[in-house]
S.K.: 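The structure that follows is given in the form of structure tokens.
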Amino acid sequence: MTTAESIIHTAREAQRQVAKASLRERLDELKQWRLRIGDMREDIVNTITAETGKAKTDALVSEILGVVDYIAWLVKAAPNALGEEKVSTPLALMGKKSRIWYEPKGVVLVISPWNYPFHIAATTIAAAFAAGNSIVLKPSEYTLMRGLFEKTVAGLPLLSRALTVAYGDGALGAELVAAKPDYISFTGSAATGRKIATTAAQLLVPVDLELGGKDAMVVFEDVNIERTAAGALWGGLTNAGQSCTAVEKLYVQRSIYPQMLNTMKRMLAQLVVASDDQGDADLGAITTPFQHEIIVKHLKDAKAKGAEVIGGEVLVEGDKPLLTPALVTEVTDDMLIMQEETFGPVLVVLPFDTEDEVLTAVNSSDFALSASVWSKDIQRARRVAQAIRCGAVSINNVMLTEGNPALPFGGVGESGAGRVKGVEGLRAMARSKAVLIDKQSSKIEANWFPYTREKYALFEQLISAMLGGIKSFVNFATTGTKLEKQAQAPRFPKE
Ligand code: NAD
């Protein structure tokens, strides 16, 4: 057995114990885990900032507050989302009852990235555990946070048993996928997502793919410019732009384009970029040197092809590089910054004239994760939001769908498939089982053997009655009774 196979095997044994506990017991442990995370927040924030270099406020708000809020929602929503569900039974199946049971999938493999190393893993673990699964977490090799998750679950009998953290790089991730878990929840780049989906397809293991983005923000001329400029800067630069839903392209209607750009330049100059801050830096470091290289390459390529770049100066090189945030204008479609995910503190600003023109531009991207539309005219904003191809859209706000754990989260196209969060994300962690209960045990069903000409004719009449709507209800009932009689006629003579 390889290391990966033995990890999955052990997790499978643990899952049998976890599934024996009731949903209530698992939710009680999640409540305790939530409090534990709250109590340990200083430790967690320190570990996250040490490993990512992100600003302290980004760590506290996105990683801790977001998780505490999500688990609170989960504990409330899970009894309905995962409990036995009653569904209607058609008249033709009179006397029976129909139910849906949500059962655990088994071992859920969670492969997570480095940009929100705590939030993404913790929320996925919580959902998977609530549904009765065991979890193997494979964190990014750039943000291992070795021992942190184990510390948060220590002493919680079920959750500590359910969770295994497997430390390693992409090669271990690939081996874990090949070891055939029952479900894979992957968050990371489209390139890795494609590899995982290819292996998983061979093994017929279902996969949730939460991939990259190149999100657009569309601003119409009737907005409040101060608020919208502040929103654009936060949406583009929070977590130093290392967010899958960061605004990368800002489309501004031409009549307010100069004013909007000037307001953003003024605000940009006042943002604080620093490492090891005490909650007073707006932007922290770039987490990995390779991401820094991509950002610098995009900026250089844009400049070489004629773009104007404001900011984007490298302050500190090395393991956790620091870069001033940048606004990029005068761009053309052939620039890398227009085609690929930049994943850094860079905002491209483009003017547009009409609704149609901006929609064509936004929908031309292969990535389609989230977007935002800004206008005082809510009808127009809704119309444009509806026409944008993406998984989530905020109106007059930015990255805010993620602020509500009840909303599903996920992308379209190169941004992925499947959903986390919301009831949909919770149920994705379960296997639905269709159940039909027939309490009586004496009658033979009309559609069972033997088939006869009389039965055939009666089924014909039944279909006509069904197609006839409410008026045919009487016909339906009489035909049904005749069929029932036929069914009970002794046709299999005893020898
Ligand atoms: P990545 O794809 O390089 O790595 C993600 C994880 O996959 C890591 O744990 C890595 O070790 C593992 N991995 C790498 N190769 C693997 C393989 N062949 N098989 C199995 N596992 C493998 O991504 P990253 O650089 O860590 O993260 C940044 C990317 O993640 C960006 O594209 C960003 O947009 C995306 N992201 C998406 C979301 C979302 O929810 N849609 C959220 C955060 C980040």
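Just follow the structure's listing: the first ligand is 1, and inside any ligand the first atom is 1. FYI, side chains are in, hydrogens and waters are out, and symmetry mates aren't considered; it's all heavy atoms of this structure. Keep in mind that what you see is a predicted model, and the values were worked out from it rather than measured.
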S.K.: Check for me whether Ser112 has a heavy atom closer than 4.0 Å to any atom of ligand 1.
M.R.: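 Within the 4.0 Å threshold, so yes.
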
S.K.: Go through ligand 1 atom by atom and flag the ones less than 4.0 Å from a non-hydrogen atom of Leu369.
M.R.: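 That gives atoms 41 (N) of ligand 1.
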
S.K.: Starting from atom 34 (O) of ligand 1, which protein heavy atom do you reach first, and at what distance in Å?
M.R.: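 Going by distance alone, atom 34 (O) of ligand 1 is nearest to Glu341 OE2, 2.5 Å.
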
S.K.: Under a 3.5 Å distance rule, please check whether Lys433 uses its side chain to pair with a backbone N or O of Ile100 as donor and acceptor.
M.R.: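 No: the side chain of Lys433 does not pair with the backbone of Ile100.
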
S.K.: Check if Tyr116 has a non-hydrogen atom at a distance under 4.0 Å from any atom of ligand 1.
M.R.: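 Judged by the 4.0 Å heavy-atom criterion, Tyr116 does not count as contacting ligand 1.
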
S.K.: With atom 21 (N) of ligand 1 as the reference point, say which of Gly173, Gly391, Ala178, Ser370 has the nearest heavy atom.
M.R.: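 Answer by nearest heavy atom: Gly173.
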
S.K.: Is atom CD of Gln270 surrounded by more than 12 heavy atoms (other residues, nucleotides or ligands) closer than 6.0 Å?
M.R.: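 Atom CD in Gln270 is packed in, count exceeds 12.
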
S.K.: Could you tell me which atoms of ligand 1, counted from 1 in the order shown, lie closer than 4.0 angstrom to a heavy atom of Lys138?
M.R.: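 Those qualifying, in numeric order: 8 (C), 9 (O), 10 (C), 11 (O).
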
S.K.: Run the numbers for me: atoms of ligand 1, each under 4.0 Å from some heavy atom of Glu210, listed by number.
M.R.: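 Answer, ordered by atom number: 37 (C), 38 (C), 39 (C), 40 (O), 41 (N).
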
S.K.: Report yes if Ser415 has an N/O atom closer than 3.5 Å to an N/O atom of ligand 1; otherwise report no.
M.R.: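 Checking ligand 1 against Ser415, no N or O pair falls under 3.5 Å apart.
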
S.K.: Counting only heavy atoms, tell me which of Ile184, Asn115, Ile196 gets closest to atom 44 (C) of ligand 1.
M.R.: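 Minimum heavy-atom distance to atom 44 (C) of ligand 1 goes to Asn115.
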
S.K.: So among Ser365, Ser415, Ser370, Ser243, which one has a side-chain hydrogen bond (donor to acceptor under 3.5 Å, both in side chains) with Asp215?
M.R.: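 Checked Ser365, Ser415, Ser370, Ser243 against Asp215; only one passes side-chain hydrogen bond (donor to acceptor under 3.5 Å, both in side chains): Ser370.
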
S.K.: Suppose we measure from atom 17 (C) of ligand 1 to each protein heavy atom; which comes out shortest, and what is that distance?
M.R.: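 Ranking protein heavy atoms by distance from atom 17 (C) of ligand 1, first comes Gly170 O, 3.6 Å.
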
S.K.: If hydrogens are left out, which of Gly212, Ser189, Gly213, Ala121 has an atom nearest to atom 2 (O) of ligand 1, that is, the closest non-hydrogen atom?
M.R.: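 That would be Ser189.
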
S.K.: Apply side chain to side chain donor-acceptor pair (under 3.5 Å) to Ser62 and His119, showing your working.
M.R.: CA-CA 7 Å; Ser62 306; His119 179 115; over 6 Å; no

S.K.: Before signing off on this row, confirm whether Phe343 and ligand 1 have an N or O atom pair separated by under 3.5 Å.
M.R.: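 For ligand 1, there is no N or O atom that lies under 3.5 Å from one belonging to Phe343.
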
S.K.: At a non-hydrogen distance cut-off of under 4.0 Å, which region of Leu172 contacts ligand 1 (side chain, backbone, both, or neither)?
M.R.: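 It is neither; nothing of Leu172 touches ligand 1.
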
S.K.: Below a 4.0 angstrom heavy-atom separation, can you tell me which part of Ile120, side chain or backbone, both or neither, approaches ligand 1?
M.R.: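 It is the side chain that gets close, since no backbone atom is under 4.0 Å.
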
S.K.: What is the closest protein heavy atom to atom 12 (C) of ligand 1, and at what distance does it sit?
M.R.: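 It is Ile111 CG2, 3.6 Å.
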
S.K.: Is NZ or CZ of Arg380 both nearer than 6.0 Å to the six-membered ring centre of Phe220 and within 45° of the ring axis?
M.R.: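 So Arg380 does make the cation-pi contact.
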
S.K.: Using the side-chain hydrogen bond (donor to acceptor under 3.5 Å, both in side chains) definition, which of the options Glu341, Lys303, Glu340 pairs with His298?
M.R.: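 Exactly one candidate clears the test, Glu340.
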
S.K.: Under a 4.0 Å heavy-atom limit, does Tyr142 contact ligand 1 with its side chain, its backbone, both, or neither?
M.R.: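 Within the 4.0 Å criterion, Tyr142 makes no contact with ligand 1.
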
S.K.: Is there a nitrogen or oxygen of Gly188 sitting under 3.5 Å from a nitrogen or oxygen of ligand 1?
M.R.: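 Indeed, backbone or side chain, Gly188 has an N or O that close.
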
S.K.: In terms of residue, atom name and distance, what is the protein heavy atom nearest to atom 26 (O) of ligand 1?
M.R.: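 Heavy-atom neighbour on the protein nearest atom 26 (O) of ligand 1: Trp114 CD1, 3.0 Å.
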
S.K.: Below 4.0 Å, non-hydrogen atoms only: which portion of Ala190 touches ligand 1? Side chain, backbone, both or neither.
M.R.: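 The answer is neither; Ala190 stays 4.0 Å or more away.
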
S.K.: Can you find a side-chain donor-acceptor pair between Thr152 and Trp33 that sits under 3.5 Å?
M.R.: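 Short answer, yes.
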
S.K.: In terms of side-chain heavy atoms, does Thr245 have a donor or acceptor partner in Glu402 at a distance below 3.5 Å?
M.R.: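 Side-chain D/A pair, Thr245 to Glu402: present.
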
S.K.: If you round to the nearest 0.5 Å, how far is CD1 of Ile337 from NZ of Lys249?
M.R.: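 So the NZ of Lys249 and the CD1 of Ile337 are separated by 10.5 Å.
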
S.K.: Mind checking whether Thr187 contacts ligand 1 via backbone (N, CA, C, O), side chain (CB onward), both or neither, at a 4.0 Å heavy-atom cut-off?
M.R.: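 Looking at Thr187 and ligand 1, atoms from backbone and side chain both fall under 4.0 Å.
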
S.K.: Got the closest protein heavy atom to atom 37 (C) of ligand 1, with its distance?
M.R.: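 For atom 37 (C) of ligand 1, the nearest protein heavy atom is Leu211 O, 3.1 Å.
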
S.K.: Could you tell me if Thr238 and Asp58 have a donor-acceptor pair between their side chains, going purely by distance under 3.5 Å?
M.R.: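 Result is yes, a qualifying pair exists.
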
S.K.: Using a strict 4.0 Å threshold on nitrogen-to-oxygen distance, state whether Asp366 and Lys214 make a salt bridge.
M.R.: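 Answer for the salt bridge query: no.
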
S.K.: So, Thr3 and Ser6: side-chain donor and acceptor under 3.5 Å apart, yes or no?
M.R.: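 No - no donor-acceptor pair under 3.5 Å links their side chains.
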
S.K.: So, the side chain of Lys320 versus the backbone of Thr287: is there a donor-acceptor pair under 3.5 Å, distance only?
M.R.: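 Flag set: sc Lys320 to bb Thr287 pair under 3.5 Å.
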
S.K.: Quick one: look up the protein heavy atom nearest atom 27 (O) of ligand 1 and list residue, atom name and how far away it is.
M.R.: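 Protein heavy atom at minimum distance: Pro113 CB, 3.3 Å.
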
S.K.: Residue-level breakdown please: for Ser243 versus ligand 1, do any non-hydrogen atoms fall below 4.0 Å on the side chain, on the backbone, on both, or on neither?
M.R.: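 Within the 4.0 Å criterion, Ser243 makes no contact with ligand 1.
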
S.K.: Please write down residue, atom name and distance for the protein heavy atom closest to atom 42 (C) of ligand 1.
M.R.: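 Ranked first by proximity to atom 42 (C) of ligand 1 is Cys244 SG, 3.0 Å.
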
S.K.: Of the listed options (Leu209, Thr192, Thr287, Thr288), which comes nearest to atom 22 (C) of ligand 1 when hydrogens are ignored and any heavy atom counts?
M.R.: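 Shortest heavy-atom distance from atom 22 (C) of ligand 1: Thr192.
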
S.K.: Starting from atom 40 (O) of ligand 1, locate the nearest protein heavy atom and write down its residue, its atom name and how far away it is, to 0.1 Å.
M.R.: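 The protein heavy atom lying closest is Phe409 CE2, 3.1 Å.
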
S.K.: Whether the Asn133 and Lys105 side chains hold a donor-acceptor pair (N or O, under 3.5 Å, no angle test) is what I'd like checked.
M.R.: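 Per modelled atom types, Asn133 and Lys105 side chains form no pair under 3.5 Å.
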
S.K.: Between Leu176 and ligand 1, which residue portion shows a heavy-atom distance shorter than 4.0 Å: side chain, backbone, both, or neither?
M.R.: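 The answer is neither.
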
S.K.: Are more than 12 heavy atoms, taken from residues, nucleotides or ligands other than Arg266, located less than 6.0 Å from that residue's CZ atom?
M.R.: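 More than 12 heavy atoms, drawn from other residues, nucleotides or ligands, come within 6.0 Å of this atom.
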
S.K.: For ligand 1, which atoms, with element, lie under 4.0 Å from some heavy atom of Asp169?
M.R.: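 Those of ligand 1 that fall under 4.0 Å from Asp169 are 11 (O).
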
S.K.: Pull out every atom of ligand 1 sitting under 4.0 Å from any heavy atom of Pro139, numbered as shown with elements.
M.R.: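 By the 4.0 Å cutoff, the relevant atoms are 9 (O).
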
S.K.: Do any nitrogen or oxygen atoms of Lys195 come within less than 3.5 Å of a nitrogen or oxygen of ligand 1?
M.R.: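 Between Lys195 and ligand 1, no N or O pair is found under 3.5 Å apart.
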
S.K.: Passes salt bridge (Lys or Arg N to Asp or Glu O under 4.0 Å), Asp276 versus Lys56? Steps please.
M.R.: CA-CA 8 Å; Asp276 300 324; Lys56 217 171 168 184; over 6 Å; no

S.K.: Is it true that the NZ or CZ of Arg431 lies under 6.0 Å from the centre of Tyr102's six-membered ring and within 45 degrees of the ring axis?
M.R.: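 The answer is no; the distance or angle limit is not met.
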
S.K.: Between ligand 1 and Ser140, can you find any atom pair, the residue atom being a heavy atom, that is separated by under 4.0 Å?
M.R.: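 True for this residue.
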
S.K.: Considering residues at least two apart in sequence or located in another chain, which fulfil the ring-ring contact (aromatic ring centres under 6.0 Å, His included) criterion with Tyr70?
M.R.: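 Tyr70 satisfies ring-ring contact (aromatic ring centres under 6.0 Å, His included) with Trp73 only.
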
